[in-house]
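Reviewing the structure listed below.
All chains are named by letter (A, B, ...) in the order of the sequence lines, taking the proteins before the strands, and each is independently numbered beginning at 1.
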Number of protein chains: 2
Amino acid sequence: MSLKIAIVDDKYVNRNIIKNKLLAYGHFEIVLMAENGSDFLQKMKTLTPEERPEVALIDLEMPELDGVDTIAAATTLYPNIKYVVLTIFDDEDKIFKAIKAGAFGYLLKDENAENIGDMLWQMHSSGAGPISPGIAHKILQLIQNNNLTIVKKDIANEKILFELTDRETEILKLLVKGLSYKEIGQELSISPNTAKKHVINIYQKLHVNTRIQALHLAQEKGLL
Amino acid sequence: MSLKIAIVDDKYVNRNIIKNKLLAYGHFEIVLMAENGSDFLQKMKTLTPEERPEVALIDLEMPELDGVDTIAAATTLYPNIKYVVLTIFDDEDKIFKAIKAGAFGYLLKDENAENIGDMLWQMHSSGAGPISPGIAHKILQLIQNNNLTIVKKDIANEKILFELTDRETEILKLLVKGLSYKEIGQELSISPNTAKKHVINIYQKLHVNTRIQALHLAQEKGLL
DNA sequence: GAATATATGATCCATTTGGATTATTTGCTT
DNA sequence: AAGCAAATAATCCAAATGGATCATATATTC
(Lines give C-alpha, C1' and ligand atoms only; values in the text may rest on other atoms or scores of the structure.)
Protein backbone atom coordinates (compact mmCIF):
# COMPACT_ATOMS: atom_id res chain seq x y z
CA MET A 1 0.00 0.00 0.00
CA SER A 2 1.19 3.48 -0.75
CA LEU A 3 0.72 6.48 1.46
CA LYS A 4 -1.31 9.35 0.02
CA ILE A 5 0.37 12.71 0.51
CA ALA A 6 -0.58 16.37 0.10
CA ILE A 7 2.06 19.07 -0.33
CA VAL A 8 1.32 22.64 0.67
CA ASP A 9 4.07 25.15 -0.07
CA ASP A 10 4.04 28.55 -1.71
CA LYS A 11 7.22 28.00 -3.69
CA TYR A 12 6.80 26.03 -6.90
CA VAL A 13 10.36 24.85 -6.70
CA ASN A 14 9.91 23.48 -3.22
CA ARG A 15 6.74 21.65 -4.14
CA ASN A 16 8.49 19.94 -6.98
CA ILE A 17 11.59 19.03 -5.10
CA ILE A 18 9.57 17.44 -2.36
CA LYS A 19 7.29 15.71 -4.80
CA ASN A 20 10.09 14.23 -6.84
CA LYS A 21 12.04 13.08 -3.84
CA LEU A 22 9.05 11.38 -2.31
CA LEU A 23 8.09 9.74 -5.58
CA ALA A 24 11.64 8.52 -6.03
CA TYR A 25 11.50 7.04 -2.55
CA GLY A 26 8.53 4.93 -3.56
CA HIS A 27 5.73 4.10 -1.14
CA PHE A 28 4.28 7.59 -1.62
CA GLU A 29 1.55 8.92 -3.85
CA ILE A 30 1.08 12.67 -4.25
CA VAL A 31 -2.64 13.35 -4.39
CA LEU A 32 -2.72 17.09 -3.87
CA MET A 33 -0.45 20.10 -4.30
CA ALA A 34 -1.42 23.55 -3.07
CA GLU A 35 0.38 26.87 -2.82
CA ASN A 36 -1.18 28.11 0.39
CA GLY A 37 -3.72 27.23 3.03
CA SER A 38 -6.73 28.58 1.20
CA ASP A 39 -5.74 26.76 -1.93
CA PHE A 40 -5.34 23.57 0.06
CA LEU A 41 -8.74 23.82 1.70
CA GLN A 42 -10.38 24.62 -1.64
CA LYS A 43 -8.84 21.65 -3.34
CA MET A 44 -9.70 19.37 -0.45
CA LYS A 45 -13.36 20.09 -1.02
CA THR A 46 -13.17 18.60 -4.49
CA LEU A 47 -11.90 15.28 -3.21
CA THR A 48 -13.98 12.34 -2.14
CA PRO A 49 -13.06 10.84 1.24
CA GLU A 50 -11.28 8.00 -0.53
CA GLU A 51 -9.20 10.40 -2.58
CA ARG A 52 -8.11 12.47 0.38
CA PRO A 53 -4.50 12.45 1.51
CA GLU A 54 -3.54 10.60 4.66
CA VAL A 55 -0.72 12.99 5.34
CA ALA A 56 -0.42 16.70 4.58
CA LEU A 57 3.02 18.29 4.45
CA ILE A 58 2.60 21.94 5.26
CA ASP A 59 5.00 24.83 5.04
CA LEU A 60 4.63 27.55 7.63
CA GLU A 61 5.20 30.88 5.91
CA MET A 62 2.69 31.22 3.15
CA PRO A 63 0.51 34.02 1.80
CA GLU A 64 -3.28 33.93 2.16
CA LEU A 65 -3.46 31.40 4.95
CA ASP A 66 -0.30 30.45 6.75
CA GLY A 67 0.66 27.03 7.97
CA VAL A 68 -0.46 27.35 11.56
CA ASP A 69 -3.89 28.63 10.66
CA THR A 70 -4.22 26.05 7.94
CA ILE A 71 -3.50 23.25 10.38
CA ALA A 72 -5.88 24.69 12.92
CA ALA A 73 -8.67 24.84 10.36
CA ALA A 74 -7.90 21.54 8.71
CA THR A 75 -7.73 19.52 11.91
CA THR A 76 -11.33 20.36 12.64
CA LEU A 77 -12.42 19.75 9.04
CA TYR A 78 -10.43 16.58 8.44
CA PRO A 79 -9.33 15.20 11.77
CA ASN A 80 -8.15 11.89 10.32
CA ILE A 81 -5.41 13.46 8.28
CA LYS A 82 -1.97 13.76 9.80
CA TYR A 83 -0.58 17.25 9.41
CA VAL A 84 3.16 17.44 9.32
CA VAL A 85 4.97 20.75 9.26
CA LEU A 86 7.73 20.84 6.67
CA THR A 87 9.60 24.09 6.89
CA ILE A 88 12.90 25.86 7.26
CA PHE A 89 11.84 27.66 10.43
CA ASP A 90 13.04 26.35 13.71
CA ASP A 91 12.23 29.12 16.14
CA GLU A 92 10.50 28.19 19.37
CA ASP A 93 7.48 30.27 18.77
CA LYS A 94 6.61 28.71 15.42
CA ILE A 95 7.27 25.22 16.68
CA PHE A 96 5.09 25.72 19.67
CA LYS A 97 2.22 27.34 17.79
CA ALA A 98 2.21 24.70 15.11
CA ILE A 99 2.06 21.94 17.67
CA LYS A 100 -0.74 23.63 19.53
CA ALA A 101 -2.61 24.03 16.25
CA GLY A 102 -2.52 20.28 15.91
CA ALA A 103 0.62 19.43 13.96
CA PHE A 104 1.34 15.72 14.16
CA GLY A 105 4.98 16.15 13.25
CA TYR A 106 7.56 18.81 12.56
CA LEU A 107 10.24 18.31 9.94
CA LEU A 108 12.96 20.64 8.81
CA LYS A 109 13.63 21.07 5.13
CA ASP A 110 17.33 20.78 5.62
CA GLU A 111 16.85 17.12 6.28
CA ASN A 112 17.90 15.38 3.13
CA ALA A 113 14.88 14.11 1.25
CA GLU A 114 15.70 10.51 1.90
CA ASN A 115 15.47 11.23 5.56
CA ILE A 116 12.09 12.87 5.16
CA GLY A 117 10.81 9.84 3.31
CA ASP A 118 12.21 7.61 6.04
CA MET A 119 10.60 9.59 8.78
CA LEU A 120 7.24 9.71 7.05
CA TRP A 121 7.31 6.02 6.44
CA GLN A 122 8.32 5.32 9.99
CA MET A 123 5.44 7.49 11.14
CA HIS A 124 3.17 5.36 9.03
CA SER A 125 4.37 2.14 10.61
CA SER A 126 4.83 3.26 14.18
CA GLY A 127 2.06 5.81 14.49
CA ALA A 128 4.42 8.27 16.13
CA GLY A 129 4.67 11.78 14.74
CA PRO A 130 7.92 12.48 12.89
CA ILE A 131 10.11 15.15 14.42
CA SER A 132 13.48 16.34 13.17
CA PRO A 133 16.27 15.83 15.68
CA GLY A 134 16.99 19.55 15.81
CA ILE A 135 13.39 20.31 16.67
CA ALA A 136 13.18 17.68 19.35
CA HIS A 137 16.36 19.08 20.79
CA LYS A 138 14.88 22.57 20.91
CA ILE A 139 11.85 21.32 22.74
CA LEU A 140 14.02 19.60 25.31
CA GLN A 141 15.88 22.81 25.86
CA LEU A 142 12.65 24.71 26.29
CA ILE A 143 11.71 22.31 29.03
CA GLN A 144 15.13 22.50 30.66
CA ASN A 145 15.10 26.28 30.68
CA ASN A 146 11.73 26.31 32.37
CA ASN A 147 10.16 27.95 29.35
CA LEU A 148 7.96 24.93 29.08
CA THR A 149 6.52 23.70 32.30
CA ILE A 150 4.33 20.75 32.93
CA VAL A 151 0.94 21.41 34.37
CA LYS A 152 0.76 19.01 37.20
CA LYS A 153 -2.36 17.30 38.37
CA ASP A 154 -0.86 16.13 41.62
CA ILE A 155 2.22 17.80 42.95
CA ALA A 156 2.48 15.13 45.61
CA ASN A 157 5.32 12.95 46.79
CA GLU A 158 8.58 14.77 46.39
CA LYS A 159 10.46 12.02 48.11
CA ILE A 160 13.64 13.07 49.78
CA LEU A 161 16.21 11.04 47.95
CA PHE A 162 19.12 12.85 49.45
CA GLU A 163 18.45 12.43 53.13
CA LEU A 164 19.75 15.50 54.82
CA THR A 165 19.13 16.01 58.49
CA ASP A 166 17.16 19.03 59.66
CA ARG A 167 20.30 20.75 60.77
CA GLU A 168 21.96 20.07 57.47
CA THR A 169 19.00 21.45 55.56
CA GLU A 170 19.09 24.54 57.74
CA ILE A 171 22.75 25.03 56.97
CA LEU A 172 22.26 24.31 53.29
CA LYS A 173 19.77 27.15 53.11
CA LEU A 174 22.26 29.60 54.55
CA LEU A 175 25.01 28.23 52.38
CA VAL A 176 23.11 28.79 49.14
CA LYS A 177 22.19 32.28 50.26
CA GLY A 178 25.87 33.04 49.99
CA LEU A 179 27.03 33.00 53.61
CA SER A 180 30.59 32.05 54.48
CA TYR A 181 31.41 29.51 57.18
CA LYS A 182 32.05 32.38 59.55
CA GLU A 183 28.69 33.95 58.84
CA ILE A 184 26.83 30.67 59.10
CA GLY A 185 28.48 30.12 62.45
CA GLN A 186 27.41 33.53 63.67
CA GLU A 187 23.89 33.04 62.38
CA LEU A 188 23.45 29.74 64.19
CA SER A 189 25.67 30.48 67.16
CA ILE A 190 28.02 27.65 66.47
CA SER A 191 31.67 27.53 65.58
CA PRO A 192 32.54 28.19 61.95
CA ASN A 193 34.38 24.87 62.13
CA THR A 194 31.17 23.10 62.90
CA ALA A 195 29.40 24.91 60.13
CA LYS A 196 32.12 23.74 57.82
CA LYS A 197 31.87 20.18 59.06
CA HIS A 198 28.18 20.19 58.30
CA VAL A 199 28.75 21.61 54.86
CA ILE A 200 31.26 18.94 54.03
CA ASN A 201 28.86 16.27 55.24
CA ILE A 202 26.22 17.78 53.00
CA TYR A 203 28.58 17.72 50.04
CA GLN A 204 29.21 14.06 50.59
CA LYS A 205 25.54 13.26 50.70
CA LEU A 206 24.84 15.26 47.58
CA HIS A 207 27.97 14.11 45.75
CA VAL A 208 29.05 17.64 45.05
CA ASN A 209 32.02 19.68 46.11
CA THR A 210 31.31 23.34 45.67
CA ARG A 211 28.66 25.74 46.90
CA ILE A 212 27.34 26.43 43.45
CA GLN A 213 26.94 22.77 42.67
CA ALA A 214 25.10 22.28 45.93
CA LEU A 215 22.85 25.19 45.08
CA HIS A 216 21.93 23.82 41.70
CA LEU A 217 21.22 20.39 43.04
CA ALA A 218 19.21 21.78 45.93
CA GLN A 219 17.13 23.85 43.57
CA GLU A 220 16.49 20.99 41.22
CA LYS A 221 15.57 18.59 43.95
CA GLY A 222 13.64 21.12 45.98
CA LEU A 223 15.65 20.54 49.10
CA LEU A 224 14.90 24.04 50.34
CA MET B 1 38.12 10.15 16.58
CA SER B 2 36.02 7.85 18.67
CA LEU B 3 33.39 8.92 21.11
CA LYS B 4 33.97 8.01 24.75
CA ILE B 5 30.91 6.44 26.35
CA ALA B 6 29.83 5.51 29.86
CA ILE B 7 27.13 2.93 30.46
CA VAL B 8 25.11 3.00 33.66
CA ASP B 9 22.63 0.18 34.05
CA ASP B 10 21.86 -2.12 36.94
CA LYS B 11 21.49 -5.23 34.79
CA TYR B 12 24.71 -6.93 33.81
CA VAL B 13 23.09 -8.33 30.69
CA ASN B 14 21.93 -4.92 29.54
CA ARG B 15 25.32 -3.37 30.06
CA ASN B 16 26.93 -6.02 27.96
CA ILE B 17 24.39 -5.94 25.18
CA ILE B 18 24.74 -2.18 24.88
CA LYS B 19 28.49 -2.35 25.11
CA ASN B 20 28.86 -5.01 22.45
CA LYS B 21 26.47 -3.36 20.08
CA LEU B 22 28.18 -0.02 20.39
CA LEU B 23 31.61 -1.56 19.98
CA ALA B 24 30.43 -3.45 16.92
CA TYR B 25 29.16 -0.20 15.51
CA GLY B 26 32.64 1.26 15.67
CA HIS B 27 33.27 4.92 16.50
CA PHE B 28 32.58 4.23 20.16
CA GLU B 29 34.86 3.56 23.06
CA ILE B 30 33.42 2.36 26.37
CA VAL B 31 35.39 4.04 29.12
CA LEU B 32 33.17 3.35 32.11
CA MET B 33 30.51 0.87 33.15
CA ALA B 34 28.54 1.27 36.36
CA GLU B 35 25.61 -0.52 37.90
CA ASN B 36 23.93 2.43 39.53
CA GLY B 37 24.29 6.15 40.07
CA SER B 38 26.49 5.95 43.14
CA ASP B 39 28.76 3.50 41.42
CA PHE B 40 28.94 5.82 38.44
CA LEU B 41 29.80 8.89 40.51
CA GLN B 42 32.38 6.92 42.46
CA LYS B 43 34.07 5.66 39.35
CA MET B 44 33.98 9.09 37.73
CA LYS B 45 36.08 10.42 40.58
CA THR B 46 38.89 8.08 39.63
CA LEU B 47 39.11 9.38 36.09
CA THR B 48 41.20 12.29 34.90
CA PRO B 49 39.37 14.88 32.80
CA GLU B 50 40.90 13.39 29.67
CA GLU B 51 39.68 9.92 30.56
CA ARG B 52 36.15 11.00 31.24
CA PRO B 53 33.34 9.93 28.95
CA GLU B 54 31.82 12.44 26.58
CA VAL B 55 28.47 10.71 26.73
CA ALA B 56 26.83 8.84 29.59
CA LEU B 57 24.05 6.40 28.81
CA ILE B 58 21.91 6.14 31.90
CA ASP B 59 19.10 3.78 32.77
CA LEU B 60 16.33 5.18 34.92
CA GLU B 61 15.31 2.51 37.40
CA MET B 62 18.31 1.57 39.44
CA PRO B 63 18.99 0.81 43.09
CA GLU B 64 21.06 3.14 45.27
CA LEU B 65 20.76 6.26 43.13
CA ASP B 66 18.29 6.24 40.29
CA GLY B 67 18.77 7.73 36.86
CA VAL B 68 17.07 11.05 37.44
CA ASP B 69 19.00 11.80 40.60
CA THR B 70 22.18 10.61 39.00
CA ILE B 71 21.72 13.00 36.12
CA ALA B 72 20.85 15.82 38.47
CA ALA B 73 24.02 15.28 40.45
CA ALA B 74 26.24 14.56 37.49
CA THR B 75 25.21 17.60 35.46
CA THR B 76 26.42 19.83 38.23
CA LEU B 77 29.62 17.87 38.72
CA TYR B 78 30.48 17.27 35.07
CA PRO B 79 28.51 19.75 33.01
CA ASN B 80 30.41 18.98 29.84
CA ILE B 81 29.25 15.40 29.62
CA LYS B 82 26.11 14.64 27.66
CA TYR B 83 23.70 12.53 29.66
CA VAL B 84 21.42 10.39 27.57
CA VAL B 85 18.66 8.36 29.14
CA LEU B 86 18.53 4.83 27.80
CA THR B 87 15.60 2.99 29.26
CA ILE B 88 12.45 1.00 28.67
CA PHE B 89 10.23 3.52 30.43
CA ASP B 90 8.24 5.91 28.35
CA ASP B 91 5.80 7.42 30.81
CA GLU B 92 5.40 11.15 30.81
CA ASP B 93 6.50 11.65 34.33
CA LYS B 94 9.81 9.91 33.92
CA ILE B 95 10.48 11.65 30.63
CA PHE B 96 9.74 15.02 32.07
CA LYS B 97 11.71 14.55 35.24
CA ALA B 98 14.72 13.25 33.38
CA ILE B 99 14.69 16.21 31.06
CA LYS B 100 14.38 18.65 33.92
CA ALA B 101 17.25 16.94 35.66
CA GLY B 102 19.38 17.75 32.64
CA ALA B 103 19.09 14.82 30.26
CA PHE B 104 20.47 15.70 26.87
CA GLY B 105 18.63 12.94 25.09
CA TYR B 106 16.12 10.19 25.75
CA LEU B 107 16.37 6.86 23.99
CA LEU B 108 14.20 3.80 24.32
CA LYS B 109 15.80 0.40 24.61
CA ASP B 110 13.45 -1.08 22.11
CA GLU B 111 15.27 0.79 19.43
CA ASN B 112 17.45 -1.74 17.73
CA ALA B 113 21.03 -1.20 18.71
CA GLU B 114 22.06 -0.03 15.28
CA ASN B 115 19.60 2.76 15.64
CA ILE B 116 21.01 3.75 19.01
CA GLY B 117 24.48 3.90 17.54
CA ASP B 118 23.16 5.97 14.67
CA MET B 119 21.42 8.40 16.95
CA LEU B 120 24.40 8.79 19.22
CA TRP B 121 26.67 9.39 16.30
CA GLN B 122 24.28 11.86 14.79
CA MET B 123 24.16 13.64 18.11
CA HIS B 124 27.91 13.86 18.01
CA SER B 125 27.94 15.45 14.57
CA SER B 126 24.89 17.67 14.83
CA GLY B 127 25.04 18.61 18.49
CA ALA B 128 21.35 17.88 18.90
CA GLY B 129 20.20 15.59 21.65
CA PRO B 130 19.00 12.20 20.45
CA ILE B 131 15.37 11.44 21.11
CA SER B 132 13.48 8.31 20.19
CA PRO B 133 10.54 9.00 17.88
CA GLY B 134 8.09 7.60 20.38
CA ILE B 135 9.34 9.93 23.08
CA ALA B 136 9.26 12.98 20.86
CA HIS B 137 5.73 12.04 19.93
CA LYS B 138 4.72 11.85 23.57
CA ILE B 139 6.11 15.27 24.23
CA LEU B 140 4.17 16.72 21.32
CA GLN B 141 1.03 15.20 22.71
CA LEU B 142 1.73 16.66 26.11
CA ILE B 143 1.92 20.06 24.51
CA GLN B 144 -1.22 19.52 22.50
CA ASN B 145 -3.14 18.41 25.55
CA ASN B 146 -2.15 21.53 27.40
CA ASN B 147 -0.22 19.51 29.92
CA LEU B 148 2.84 21.41 28.88
CA THR B 149 2.50 25.11 28.50
CA ILE B 150 5.00 27.65 27.39
CA VAL B 151 6.07 30.26 29.87
CA LYS B 152 7.17 33.46 28.27
CA LYS B 153 10.04 34.98 30.13
CA ASP B 154 9.76 38.66 30.83
CA ILE B 155 12.42 39.96 28.53
CA ALA B 156 11.43 43.56 29.28
CA ASN B 157 14.13 43.38 31.92
CA GLU B 158 16.54 43.49 29.04
CA LYS B 159 17.95 46.81 30.15
CA ILE B 160 21.60 46.45 30.73
CA LEU B 161 21.84 47.88 34.21
CA PHE B 162 25.17 46.34 34.80
CA GLU B 163 27.03 46.81 31.63
CA LEU B 164 28.76 43.54 31.13
CA THR B 165 30.53 42.92 27.86
CA ASP B 166 29.55 39.94 25.75
CA ARG B 167 32.60 38.09 26.88
CA GLU B 168 31.85 38.83 30.49
CA THR B 169 28.29 37.60 30.12
CA GLU B 170 29.60 34.46 28.52
CA ILE B 171 31.94 33.90 31.41
CA LEU B 172 29.27 34.72 33.97
CA LYS B 173 27.12 31.96 32.54
CA LEU B 174 29.86 29.41 32.99
CA LEU B 175 30.68 30.77 36.42
CA VAL B 176 27.16 30.33 37.73
CA LYS B 177 27.01 26.85 36.28
CA GLY B 178 29.69 26.01 38.78
CA LEU B 179 32.84 25.89 36.70
CA SER B 180 36.19 26.74 38.27
CA TYR B 181 38.61 29.20 36.69
CA LYS B 182 40.48 26.27 35.27
CA GLU B 183 37.38 24.80 33.72
CA ILE B 184 36.23 28.13 32.33
CA GLY B 185 39.63 28.54 30.78
CA GLN B 186 39.43 25.12 29.17
CA GLU B 187 35.90 25.71 27.96
CA LEU B 188 36.80 28.98 26.27
CA SER B 189 40.35 28.08 25.34
CA ILE B 190 41.87 30.89 27.35
CA SER B 191 44.17 30.93 30.33
CA PRO B 192 42.56 30.36 33.74
CA ASN B 193 44.25 33.60 34.72
CA THR B 194 42.28 35.43 32.09
CA ALA B 195 39.10 33.73 33.14
CA LYS B 196 39.81 34.88 36.64
CA LYS B 197 40.53 38.41 35.51
CA HIS B 198 37.17 38.53 33.78
CA VAL B 199 35.41 37.19 36.83
CA ILE B 200 36.95 39.80 39.05
CA ASN B 201 35.97 42.50 36.58
CA ILE B 202 32.44 41.13 36.67
CA TYR B 203 32.43 41.21 40.46
CA GLN B 204 33.43 44.84 40.40
CA LYS B 205 30.69 45.74 37.97
CA LEU B 206 28.09 43.83 39.96
CA HIS B 207 29.47 44.95 43.32
CA VAL B 208 29.68 41.44 44.65
CA ASN B 209 32.54 39.27 45.71
CA THR B 210 31.56 35.64 45.61
CA ARG B 211 30.17 33.31 42.98
CA ILE B 212 26.97 32.71 44.81
CA GLN B 213 26.27 36.41 45.15
CA ALA B 214 26.94 36.85 41.46
CA LEU B 215 24.56 34.02 40.71
CA HIS B 216 21.77 35.53 42.75
CA LEU B 217 22.21 38.96 41.24
CA ALA B 218 22.39 37.54 37.77
CA GLN B 219 19.20 35.60 38.31
CA GLU B 220 17.35 38.58 39.73
CA LYS B 221 18.49 40.89 37.00
CA GLY B 222 18.12 38.37 34.23
CA LEU B 223 21.69 38.79 33.08
CA LEU B 224 21.71 35.30 31.61
C1' DG C 1 23.97 -0.71 78.88
C1' DA C 2 25.76 -0.77 74.25
C1' DA C 3 25.32 0.76 69.80
C1' DT C 4 24.06 4.34 66.72
C1' DA C 5 23.13 8.76 64.75
C1' DT C 6 23.61 13.62 65.24
C1' DA C 7 25.68 17.79 66.48
C1' DT C 8 29.48 19.95 68.07
C1' DG C 9 34.40 21.38 67.63
C1' DA C 10 39.47 21.43 66.49
C1' DT C 11 43.64 20.74 63.62
C1' DC C 12 46.28 20.12 59.52
C1' DC C 13 46.82 20.63 54.69
C1' DA C 14 46.26 21.61 49.73
C1' DT C 15 43.61 24.02 46.55
C1' DT C 16 40.75 27.66 45.12
C1' DT C 17 39.26 32.05 45.30
C1' DG C 18 39.26 37.00 45.48
C1' DG C 19 41.97 41.09 44.89
C1' DA C 20 45.60 44.26 43.16
C1' DT C 21 48.89 45.31 39.81
C1' DT C 22 51.15 45.34 35.47
C1' DA C 23 51.60 44.36 30.58
C1' DT C 24 50.60 43.11 25.66
C1' DT C 25 47.58 42.66 21.76
C1' DT C 26 43.59 43.67 19.03
C1' DG C 27 40.05 46.28 17.00
C1' DC C 28 37.56 50.26 16.78
C1' DT C 29 36.95 55.54 16.67
C1' DT C 30 38.35 60.07 15.93
C1' DA D 1 48.42 58.21 13.81
C1' DA D 2 46.69 58.56 18.36
C1' DG D 3 43.45 57.13 21.73
C1' DC D 4 40.54 53.85 23.88
C1' DA D 5 38.04 49.84 25.28
C1' DA D 6 38.33 44.82 25.41
C1' DA D 7 40.46 40.71 25.85
C1' DT D 8 44.39 38.40 26.88
C1' DA D 9 47.82 36.92 30.49
C1' DA D 10 51.12 36.73 34.43
C1' DT D 11 52.51 37.48 39.28
C1' DC D 12 52.07 38.14 44.22
C1' DC D 13 49.34 37.74 48.29
C1' DA D 14 45.80 36.86 51.82
C1' DA D 15 41.65 34.75 52.80
C1' DA D 16 38.31 31.23 52.10
C1' DT D 17 37.22 26.79 50.87
C1' DG D 18 37.26 21.75 50.57
C1' DG D 19 38.81 17.50 52.59
C1' DA D 20 40.51 14.27 56.14
C1' DT D 21 40.90 12.99 60.77
C1' DC D 22 40.10 12.93 65.58
C1' DA D 23 37.45 13.99 69.66
C1' DT D 24 33.39 14.87 72.64
C1' DA D 25 28.55 15.34 74.11
C1' DT D 26 23.84 14.03 73.60
C1' DA D 27 20.25 11.97 72.39
C1' DT D 28 17.66 7.71 70.61
C1' DT D 29 17.08 2.94 69.79
C1' DC D 30 17.76 -1.87 70.26
Side-chain angles (χ1 to χ4, degrees), chain A residues 160-218 223, chain B residues 38 41-50 52 64 73-74 76-80 160-218 223:
Chain A
I160 307 166
L161 242 296
F162 302 102
E163 283 185 349
L164 301 185
T165 66
D166 290 347
R167 192 57 158 173
E168 284 168 348
T169 305
E170 193 178 4
I171 283 174
L172 179 58
K173 283 179 188 167
L174 298 177
L175 187 75
V176 303
K177 269 175 69 178
L179 305 207
S180 66
Y181 296 139
K182 208 179 292 177
E183 291 168 325
I184 294 174
Q186 280 167 6
E187 189 74 19
L188 301 180
S189 305
I190 56 177
S191 153
N193 293 315
T194 304
K196 178 177 163 180
K197 179 74 177 102
H198 283 302
V199 169
I200 291 184
N201 288 340
I202 292 169
Y203 285 171
Q204 284 179 345
K205 288 190 180 177
L206 301 190
H207 296 99
V208 300
N209 44 31
T210 73
R211 295 155 122 77
I212 293 249
Q213 290 170 354
L215 183 149
H216 287 311
L217 198 53
L223 299 179
Chain B
S38 297
L41 293 175
Q42 285 298 326
K43 285 178 174 159
M44 280 296 293
K45 287 183 193 162
T46 69
L47 299 182
T48 67
E50 294 74 35
R52 288 182 194 149
E64 292 272 346
T76 65
L77 279 172
Y78 313 102
N80 298 327
I160 313 166
L161 233 292
F162 306 95
E163 285 187 346
L164 299 185
T165 65
D166 289 347
R167 192 57 159 173
E168 284 168 349
T169 306
E170 193 178 5
I171 283 173
L172 179 58
K173 283 179 188 166
L174 298 178
L175 187 74
V176 303
K177 268 175 69 179
L179 305 209
S180 67
Y181 296 139
K182 208 178 290 178
E183 290 169 325
I184 294 173
Q186 281 169 4
E187 187 74 18
L188 301 179
S189 304
I190 57 177
S191 153
N193 294 314
T194 304
K196 177 178 164 180
K197 178 72 178 114
H198 283 302
V199 169
I200 291 184
N201 287 341
I202 292 169
Y203 285 171
Q204 285 179 344
K205 288 188 182 179
L206 302 190
H207 298 99
V208 300
N209 44 29
T210 72
R211 294 153 123 77
I212 294 249
Q213 290 170 355
L215 183 149
H216 287 311
L217 196 55
L223 298 179

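- Atom-to-atom, CG of A:Asn201 to P of C:dT8 comes out at 11 Å; the value is rounded to the nearest Å.
- Rounded to whole Å, the distance from CD on A:Gln213 to C1' on C:dT16 is 13 Å.
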Would you mind building the protein contact string for nucleotides 19-30 of chain D? One character per nucleotide, 5' to 3', B for base within reach (heavy atoms under 4.0 Å), S for sugar-phosphate only, - for untouched.
BSBB--------
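- Summarising the geometry, the separation between CD1 on A:Ile171 and P on D:dG18 is reported as 14 Å, rounded to the nearest angstrom.
- Environment of NZ in A:Lys177: sparse, with no more than 12 heavy atoms of neighbouring residues, nucleotides or ligands closer than 6.0 Å.
- Rounding to whole angstrom units, CD1 of residue A:Ile212 and C1' of C:dT16 are separated by 13 Å.
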Under 3.5 Å, which donor-acceptor pairs link side chains of residues 194-202 of chain A to any protein atom two or more places apart or in another chain?
unit_1	atom_1	unit_2	atom_2	d
A:Lys197	NZ	A:Asn201	OD1	3.0
A:Asn201	ND2	A:Lys197	O	3.4

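- Residues passing the side chain to side chain donor-acceptor pair (under 3.5 Å) test with B:Glu170 are B:Arg167, sequence neighbours excluded.
- Remark: B:Lys182 engages no residue in a salt bridge (Lys or Arg N to Asp or Glu O under 4.0 Å) (not counting sequence neighbours).
- Applying a 4.0 Å cut-off to non-hydrogen atoms, the residues of residues 179-186 of chain A that approach DNA chain D are A:Ser180, A:Tyr181, A:Lys182, listed by residue number.
- Straight-line distance from the CG atom of A:Asn193 to the C1' atom of D:dA15: 15 Å, rounded to whole Å.
- The distance from the CG atom of A:Asn209 to the CG atom of A:Leu206 is 11.0 Å, given to the nearest 0.5 Å.
- Going from atom OG of A:Ser191 over to atom CD1 of A:Ile184 covers 11.5 Å, rounded to the nearest 0.5 Å.
- In this structure, A:His216 contributes its side chain and B:Val176 its backbone to a donor-acceptor pair below 3.5 Å.
- In this structure, B:Arg211 does not reach the C:dT16 phosphate: none of its side-chain N or O atoms is under 4.0 Å from OP1 or OP2.
- In this structure, the separation between OH on B:Tyr203 and CG on B:Leu172 is 9.0 Å, given to the nearest 0.5 Å.
- You'll find the side chain of A:Ile171 stays beyond 4.5 Å of the side chain of A:Leu164, heavy atoms only.
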Collect all protein-nucleotide pairs involving nucleotides 4-7 of chain C in which both atoms are nitrogen or oxygen and the distance is under 3.5 Å.
unit_1	atom_1	unit_2	atom_2	d
C:dA7	OP1	A:Thr165	OG1	3.3
C:dA7	OP1	A:Arg167	N	3.4
C:dA7	OP2	A:Thr165	OG1	2.8

When you look at A:Lys205 and A:Thr165, which way does the side-chain contact (heavy atoms from CB on, under 4.5 Å) test go after all the steps?
CA-CA 10 Å; A:Lys205 288 190 180 177; A:Thr165 66; 4.0 Å; yes
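- Using a 4.5 Å heavy-atom cutoff, the side chains of A:Gln213 and A:Leu217 are not in contact.
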